[in-house]
Enquirer: 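Can you keep this structure in mind? I'll have questions shortly.
Counting starts at 1 for both ligands and their atoms, in listed order.
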Amino acid sequence: MKKIDFRSDTVTLPTPEMLARMIQAKLGDDVYGDDVTVNELQDLSASIMGKEAGLFVPTGTMGNLLAIMSHTKPGQEAILEETSHIYLYEVGGMARIAGVQAKPIKGVNGELKIEDIENAIRKENIHFPETGLICIENTHNMAGGMAISLDNMNEIYTLAQKNNIPVHLDGARIFNAAEYLNVDVKKIAKYADSVMFCFSKGLAAPVGSMLVGTKEFIDKAKKHRKMLGGGMRQVGILAAAGIYALKEMVSRLKIDHANAILLAEKLNEIDGISIDIEEIHSNIVNVDFSNTPYTTSQLVPKFNKKGLLVGPRDERVIRFVTHKDITKEDVIQATNIIKEIINKG
Ligand SMILES: *Cc1c(COP(=O)(O)O)cnc(C)c1O
């Protein structure tokens with residue numbers, strides 16, 4: 001039985017061409033700056049994002065943490081959306097390692113309202129910590145992969161600059177955002193001082209993320225990366241996958257987006273399921289099963305038995321993520337399986 005794995009776009013396997021590039025990569029010790037493949041990936045990433053420099057990191061979590069450590073001082077506060085990945089899913093690294101306190105605020109579809117940020121920015125007062133950073137996320141994972149609009153990003157960046165506060169963009173899926181917004185990624189990245197994005201998600205590389213920003217910022221982040229144990233040696237073998245991902249895997253993201261819409265349309269044919277297609281911006285579909293006869297903890301094992309792997313969010317909602325290793329036929333087969341289970345138990 002073929003498994004259809006909707007748990008995450010991180011489950012994608014490298015393509016044969018990607019593996020071939022990895023084997024052929026020219027290598028060196030990257031702690032000495034000698035790995036030409038890593039250097040190429042960092043330069044290429046910076047230029048694609050319209051920034052001065054880049055730093056290859058093992059994970060998105062480390063990239064975000066390095067950004068926080070490099071923009072702030074311990075004891076400061078960072079404003080972020082209350083369901084952001086940094087706040088919910090990064091083990092509190094910003095507090096424990098960066099020594100930065102979170103100021104979470106409620107967003108609307110992942111977007112932060114400008115008045116809420118204005119209210120959250122600390123004024124000068126002997127009792128208060130300083131606001132050291134604003135973090136945004138695009139596309140927004142918990143908002144079902146919705147893209148934050150350029151207007152919202154522009155407003156936030158303008159306010160931040162007025163207050164001398166840097167902005168970090170968690171752009172784990174920034175290429176999905178660019179696909180939905182139909183703009184070059186530079187147009188998104190320009191509203192942030194630093195951007196982290198992942199090769200290991202929709203771009204199908206086995207490992208790796210990138211942090212970009214000014215040369216000065218990246219120099220700081222590089223030292224912090226060494227401290228965290230992220231100084232890697234002949235890591236061009238992984239950077240080669242990243243180069244391939246940037247050149248060959250970005251343009252196919254529209255297939256994942258079309259498959260997500262197809263999945264939502266097919267699931268809408270089931271009694272009790274109602275997904276707003278307008279809200280499917282990218283490759284994530286959050287499906288509310290609470291008006292079907294089953295809870296998600298009843299459904300997930302039934303799905304698994306039929307080879308369908310999914311990620312339950314809570315008792316009502318299951319997250320489906322489309323990616324390179326899921327075809328249109330897989331989506332149709334998956335929705336048939338779900339239909340049958342919901343109708344017949
Ligand atoms: C996956 C993800 C990350 C972290 O990436 P890892 O490589 O898994 O550490 C950060 N932000 C968002 C929005 C993500 O989806």
Enquirer: Would you call Asp35-Lys26 a salt bridge at under 4.0 Å N-O?
Expert: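 Salt bridge: no.
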Enquirer: Below 3.5 Å, N or O to N or O, backbone or side chain included: is there any such pair between Lys201 and ligand 1?
Expert: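 Yes, at least one N or O pair falls under 3.5 Å.
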Enquirer: Between the side chains of Asp219 and Lys223, is the shortest nitrogen-to-carboxylate-oxygen separation below 4.0 Å, so that they form an ion pair?
Expert: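 No, this pair does not count.
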Enquirer: Just distances here: any N/O of Gly60 and N/O of ligand 1 closer than 3.5 Å?
Expert: yes
Enquirer: If we only count N/O pairs under 3.5 Å, is Thr61 in contact with ligand 1?
Expert: yes
Enquirer: With heavy atoms of Ala172 as the reference, note each atom of ligand 1 found under 4.0 Å away.
Expert: 2 (C), 11 (N), 12 (C), 13 (C), 14 (C), 15 (O)
Enquirer: Heavy atom of His140 under 4.0 Å from ligand 1?
Expert: no
Enquirer: Do any N/O atoms on Arg173 end up under 3.5 angstrom from N/O atoms on ligand 1?
Expert: yes
Enquirer: In ligand 1, which numbered atoms sit nearer than 4.0 Å to a non-hydrogen atom of Thr59?
Expert: 7 (O), 9 (O)
Enquirer: Taking the basic N atoms (NZ, or NE/NH1/NH2) and the acidic carboxylate oxygens, is any pair closer than 4.0 Å for Asp5 and Arg7?
Expert: yes
Enquirer: Applying a 4.0 Å heavy-atom criterion (strictly less than), which segment of Asp170 is in contact with ligand 1: side chain, backbone, both, or neither?
Expert: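 Asp170 to ligand 1: side-chain contact only, backbone stays beyond 4.0 Å.
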Enquirer: Indicate, as side chain, backbone, both or neither, the part of Thr10 found under 4.0 angstrom from ligand 1 when only non-hydrogen atoms are considered.
Expert: neither
Enquirer: Who gets closest to atom 4 (C) of ligand 1 by heavy atom: Met196, Glu137, His85?
Expert: His85
Enquirer: Between Phe320 and Phe289, how do the two ring planes meet: parallel, tilted or perpendicular, split at 30° and 60°?
Expert: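 Tilted.
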Enquirer: What residue among Thr139, Asp9, Thr322 forms side chain to side chain donor-acceptor pair (under 3.5 Å) with Asn283?
Expert: Asp9
Enquirer: Tell me if the centroids of the rings in Phe197 and Phe175 come within less than 6.0 Å of each other.
Expert: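 Yes; Phe175 has its ring centre under 6.0 Å from that of Phe197.
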Enquirer: Does ligand 1 have an atom under 4.0 Å from some heavy atom of Met62?
Expert: no
Enquirer: Would you say the ring centers of His71 and Phe217 fall short of 6.0 Å from each other?
Expert: yes
Enquirer: Among side-chain atoms of Glu216 and Thr214, is any donor-acceptor pair under 3.5 angstrom?
Expert: no
